[in-house]
Amino acid sequence: MSKLLYKVNNLTKIFGKDQNCVTALKSVDLEIFEGDFIAITGLSGSGKTTFLNILAGLIPATDGQVLLDNENILNWNDKQLSDYRNLSLGYVMQNFGLINTLNVLNNVLLPIKKNKRKYKNIAIEKLSILKIDSKTKALPYQLSGGQKQRVAIARALINNPKVIFADEPTGALDSENSQNIIDILKQINDNGTTIILVTHEESIARQCKKIIKFHDGKIVDIKIM
Ligand SMILES: Nc1ncnc2c1ncn2[C@@H]1O[C@H](COP(=O)(O)OP(=O)(O)OP(=O)(O)O)[C@@H](O)[C@H]1O
Ligand SMILES: [Mg+2]
């Protein structure tokens, strides 16, 4: 039996106030286990990114719990949340999230707050796994969409995180490059890392271990592959 990693209870997120409010998540319950490789699917606006952002400690929730080792991360203070983000997880953002003024190497080193220099070789190793180590000195604007995505993934790997959240990691890629990214994520998952990725592509979702479908802020289907 795999170990429970996250237990999400009654997770609710409302953006805005009064007439302008949008309920992005409606009482979502979910268990995520160590070693899971989950695809989150659903129409645009169904709450996928919001769900990922809350689990990753990037935005607060309106109601509910996200238990990680029996601690509710929604009660954590800023310092606890930033340690969690920098040390325990990797996050690949929907629009890459690269810093335009930093070169590739320094973008990958961004989550490292202390002794950055010690991590330089690890950063280069991660870039070489993603086959983008020839571009360490390039600035983001000098890269193609697929190359930016690979840098964003290398950055998510820098701390050998327990869990990786990836929001449409293949969204900007052609099918060959998409498959390369999925093959890399599969390898990382085989080594024990839990992966939760958002995708619109059926062919990508089918390669994950579970498919969780969101509709209108709720989970409407869970398929075990
Ligand atoms: N910061 C925000 N302020 C107000 N509303 C927001 C905010 N972020 C998201 N929303 C709303 O919450 C809902 C869910 O958005 P979310 O980004 O989670 O969708 P998504 O499933 O990731 O969509 P996509 O596939 O287009 O990325 C949408 O109706 C969106 O307009
Ligand atoms: Mg999204």
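Note that ligands are numbered from 1 as they come in the structure, with each ligand's atoms numbered from 1 the same way.
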Q) Can we say Lys162 and Glu34 salt-bridge, meaning some charged N sits less than 4.0 Å from an Asp/Glu carboxylate O? A) yes
Q.
Looking at Lys209 and Asp36, is there a salt bridge between them, counting it only when a charged N and a carboxylate O are closer than 4.0 Å?
A. no
Q: Using a distance threshold of 4.0 Å (strictly less than), state whether atom 13 (C) of ligand 1 has a protein heavy-atom neighbour.
A: yes
Q. Nearest protein heavy-atom contact for atom 4 (C) of ligand 1: which residue, which atom, what distance?
A. Phe15 CB, 3.3 Å
Q) Above 12 or not: heavy atoms from other molecules or residues under 6.0 Å from CG of Asn70? A) no
Q.
Just so I know, are the side chains of Lys135 and Asn103 near enough to count as touching, which here means a heavy-atom distance under 4.5 Å?
A. no
(Q) Would you say NZ of Lys213 has more than 12 non-hydrogen atoms from neighbouring residues, nucleotides or ligands within 6.0 angstrom? (A) no
Q: Look at atom 11 (C) of ligand 1 and find which of Asp216, Val22, Thr199 reaches it with the closest heavy atom.
A: Val22
Q: Have a look at Gly16, Ser44, Gly42 and point out the one with the heavy atom closest to atom 24 (P) of ligand 1.
A: Ser44
Q: Could you name all protein N, O or S atoms found under 2.8 Å from the Mg ion (ligand 2)?
A: Thr49 OG1, Gln94 OE1
(Q) To check your reading of the model: name the closest protein heavy atom to atom 27 (O) of ligand 1, its residue, and the distance in Å. (A) Gln94 NE2, 2.9 Å
**Q.** Atom indices of ligand 1, in the order listed, that fall short of 4.0 Å to a heavy atom of His200
**A.** 25 (O)
**Q.** Over 12 foreign heavy atoms within 6.0 Å of NZ, Lys131
**A.** no
(Q) Can you report which non-hydrogen protein atom sits closest to atom 22 (O) of ligand 1, along with the distance? (A) Thr49 OG1, 2.8 Å
Q. When you check the gap from the basic side-chain N to the acidic O, do Asp167 and Lys48 get nearer than 4.0 Å?
A. no
Q: Begin from the C-alpha positions of Ile196 and Phe165 and carry the test side chain to side chain contact (heavy atoms under 4.5 Å, CB included) through to its verdict.
A: CA-CA 5 Å; Ile196 303 161; Phe165 296 97; 3.5 Å; yes
Q: Nearest 0.5 Å please: distance from the NZ atom of Lys186 over to the CZ atom of Phe37.
A: 7.5 Å
Q: Please determine if Gly45 has a nitrogen or oxygen closer than 3.5 Å to a nitrogen or oxygen of ligand 1.
A: yes
Q) Taking side chain as C-beta onward, heavy atoms only, is Met225 less than 4.5 Å from Cys208? A) no
**Q.** From the candidates Thr50, Leu25, Asn95, the one that places a heavy atom nearest atom 15 (O) of ligand 1
**A.** Thr50
Q. Taking NZ, NE, NH1 and NH2 as the nitrogens, is one of them in Lys223 or Asp221 under 4.0 Å from a carboxylate oxygen of the other?
A. yes
Q | Test of proximity, Gly47 against ligand 1: N or O pairs below 3.5 Å | A | yes
(Q) In this structure, does ligand 1 have an atom that sits under 4.0 Å from one of the heavy atoms of Leu43? (A) yes
Q | atom 25 (O) of ligand 1: nearest protein contact (heavy atom, Å) | A | Lys48 NZ, 2.7 Å
